[in-house]
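Shown next, in structure tokens, is the structure this report addresses.
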Amino acid sequence: AKRDRQSVWRVYSEPMGLRAVSDIRLERDLRRAIENRELDVFYQPEVFLKSGRLYSFEALARWDHPTRGRIGPVDFIPLAEETGLIIPLGEYVLSEACRQMEIWNRLRPGLGDCTVSVNVSALQLRQRNFADRVLEALERNGLGPGQLQIEITESAAAADLEASMRTFSQLRELGVRIALDDFGTGYSSLSHLRKFPLDAVKLDRSFVSEVTEESKMYRVVASVIRLAHALDLEVIAEGVETEEQISTLRELGCDIGQGYWFARPMSGPKTLEVIGSWRDL
Ligand code: C2E
Ligand code: CA
Ligand code: CA
Ligand code: CA
């Protein structure tokens, strides 16, 4: 029998407090989807603004739910984080991204030092053996550490400074690139930027969407870019949608852009096609 998806019934469960029945079902379904490897991973390019060369492909999780249809990560990553499912989910995305990268490398030798980027949550960072797991995934797929970038939000990194520092250092020593994600949202601390071993910061979309020549955001973004450069970090702007944003970001010396203006997130096979026909700007 079909059940009402918008069920208003709630059950009480001790540690979680009030949780909607639909959430509990979603958790069960997500657990199954991970076990059965039913999640999809899409990829979105990050592109050097000067040369038009490919810098990276960011892996973004997608879920084709059997009855609810396609569910975006904003609707299941928080649940995965709450329930601990982010650990197997994250491993799956990492492994899948490395597998794809190996295929692209093999079929498109011109990719050069382009990386694949994987988003990592706070809970994963806290795993003592996280760096080993990353190395394992790379080795299993015949990739070098220089072909992987890890994206971590500042709030995730700040949640457990000690664990973050340890894991970042281990990864960086291996040669994995590290980017601080959603930079500028949450509380940003200069000391994080100084202390964390980083390669890049990803300027959040909320900044990029307001960056025009006459705006206050223009001056804010200009100083963020100067600051990042002073610390030898590359700057990646996310959510680039317009020609105007591109030219403003170029003018400000932003290194790398990502957004619908270049390409939407795409399936692995579609990405292969795009790599094949990629024209440097
Ligand atoms: P994020 O890391 O900030 O990823 C960027 C999001 O912006 C993606 O949404 C992407 O599809 C979207 N986007 C890209 N270009 C544009 C643009 O030009 N305009 C607009 N409006 N949006 C754009 P998506 O795929 O829905 O992912 C949402 C968030 O879910 C991600 O934000 C990331 O934090 C999280 N996420 C996705 N996959 C994973 C994963 O495998 N693990 C973890 N831990 N988090 C993930
Ligand atoms: Ca990201
Ligand atoms: Ca981001
Ligand atoms: Ca973001």
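Computed over heavy atoms, backbone and side chain alike; hydrogens, waters and symmetry mates excluded. In each ligand, atom 1 is the first atom listed, and ligand 1 is the first ligand listed.
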Do any N or O atoms from the side chain of [X] and from the backbone of [Y] form a donor-acceptor pair under 3.5 angstrom?
{"X": "Thr167", "Y": "Leu125", "value": "yes"}
{"X": "Arg108", "Y": "Leu272", "value": "yes"}
{"X": "Asp255", "Y": "Val235", "value": "yes"}
{"X": "Ser215", "Y": "Tyr218", "value": "yes"}

Taking both backbone and side chain into account, is any N, O or S atom of Asp182 nearer than 3.0 Å to the Ca ion (ligand 2)?
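Within the cut-off used here (under 3.0 Å), Asp182 places no N, O or S atom near the Ca ion (ligand 2).
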Could you confirm whether Thr153 has any N/O/S atom lying under 3.0 Å from the Ca ion (ligand 2)?
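Checking Thr153: none of its N, O or S atoms is under 3.0 Å.
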Could you check whether any heavy atom of [X] sits closer than 4.0 Å to an atom of ligand 1, since that is the contact criterion I want to use?
{"X": "Pro265", "answer": "yes"}
{"X": "Gly72", "answer": "no"}
{"X": "Gln258", "answer": "no"}

Backbone or side-chain N or O of [X] under 3.5 Å from ligand 1 N or O:
{"X": "Trp261", "result": "no"}
{"X": "Asp181", "result": "yes"}
{"X": "Arg205", "result": "yes"}
{"X": "Glu241", "result": "yes"}
{"X": "Gln44", "result": "yes"}
{"X": "Val120", "result": "no"}

Judged on heavy-atom distance to [atom], which of [options] sits nearest?
{"atom": "atom 43 (C) of ligand 1", "options": "Asn119, Val93, Ile71, Leu94", "result": "Asn119"}
{"atom": "atom 13 (N) of ligand 1", "options": "Tyr260, Phe42, Phe76", "result": "Tyr260"}
{"atom": "atom 46 (C) of ligand 1", "options": "Ile77, Asp75, Ile86", "result": "Ile77"}
{"atom": "atom 27 (O) of ligand 1", "options": "Gly239, Gly259, Pro73", "result": "Pro73"}

If I take the Ca ion (ligand 2) as the centre, what angle separates the OD2 atom of Asp181 from the OD1 atom of Asn119? Nearest 10 degrees is fine.
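Angle OD2(Asp181)-the Ca ion (ligand 2)-OD1(Asn119): 80°, rounded to 10°.
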Are Ile87 and Ile150 connected into the same hydrophobic cluster when the rule is that any two of I, L, V, M, F, W, Y join if their side-chain heavy atoms are below 4.5 Å apart?
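Looking at the clustering, Ile87 is in the same group as Ile150.
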Under 3.0 Å: N/O/S of Asp204 next to the Ca ion (ligand 4):
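So Asp204 counts as coordinating the Ca ion (ligand 4), yes.
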Among Leu39, Val93, Ile86, exactly one meets side chain to side chain contact (heavy atoms under 4.5 Å, CB included) together with Ile34. Which residue is that?
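With Ile34 as partner, Leu39, Val93, Ile86 yield a single side chain to side chain contact (heavy atoms under 4.5 Å, CB included), made by Leu39.
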Check each heavy atom of [X] against ligand 1 and say whether those closer than 4.0 Å belong to the side chain, the backbone, both or neither.
{"X": "Lys202", "value": "neither"}
{"X": "Arg62", "value": "side chain"}
{"X": "Asp182", "value": "side chain"}

Flag yes if more than 12 heavy atoms outside Asp75 fall under 6.0 Å of its CG atom; otherwise flag no.
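Atom CG in Asp75 is packed in, count exceeds 12.
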CD of Glu251: more than 12 outside heavy atoms within 6.0 angstrom?
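Counting other residues, nucleotides and ligands, CD of Glu251 exceeds 12 neighbours.
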Go through ligand 1 atom by atom and flag the ones less than 4.0 Å from a non-hydrogen atom of Glu238.
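Under 4.0 Å from Glu238, ligand 1 has these atoms: 3 (O).
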Give the atom numbers and elements of ligand 1 that come within less than 4.0 Å of a heavy atom of Glu58.
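That gives atoms 2 (O), 4 (O) of ligand 1.
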Using a distance-only test with no angle check, is there a side-chain donor-acceptor pair under 3.5 angstrom linking Arg133 and Asn129?
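Yes, because at least one side-chain N or O of Arg133 sits under 3.5 Å from a partner of the opposite role on Asn129.
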Testing the 3.5 Å rule here: is there a donor-acceptor pair between the side chains of Gln149 and Ser117?
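Note: Gln149 and Ser117 side chains meet the donor-acceptor criterion.
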Check this for me, if you would: do Glu102 and Arg106 make a salt bridge, where the nitrogen-to-carboxylate-oxygen distance has to be below 4.0 angstrom?
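Between Arg106 and Glu102 there is a salt bridge, with a charged N closer than 4.0 Å to a carboxylate O.
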Could you check Lys270 against Glu273 for salt bridge (Lys or Arg N to Asp or Glu O under 4.0 Å), going step by step and ending with a plain yes or no?
CA-CA 5 Å; Lys270 177 72 190 164; Glu273 264 175 52; 3.6 Å; yes
Which atom name does Glu238 have for its N/O/S atom nearest to the Ca ion (ligand 4)?
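The Glu238 atom nearest to the Ca ion (ligand 4), restricting to N, O or S, is OE2.
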Glu58: its N/O/S atom lying closest to the Ca ion (ligand 2) (atom name)
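Of the nitrogen, oxygen and sulfur atoms in Glu58, the Ca ion (ligand 2) lies nearest to OE2.
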Tell me which N, O or S atom of Glu151 sits nearest to the Ca ion (ligand 2).
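Of the nitrogen, oxygen and sulfur atoms in Glu151, the Ca ion (ligand 2) lies nearest to OE1.
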Using the salt bridge (Lys or Arg N to Asp or Glu O under 4.0 Å) rule, take Lys202 and Glu58 through it: C-alpha gap first, then chi angles, then the decisive distance, then the call.
CA-CA 12 Å; Lys202 280 190 93 169; Glu58 180 178 10; 3.0 Å; yes
Identify the heavy atoms of Ile152 and Ala157 that sit nearest to each other, and give their distance.
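It is CG2-N, 4.1 Å.
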Which is it for Val116 and Gln147 under the side-chain contact (heavy atoms from CB on, under 4.5 Å) test, yes or no, and what are the steps along the way?
CA-CA 6 Å; Val116 72; Gln147 290 172 291; over 6 Å; no
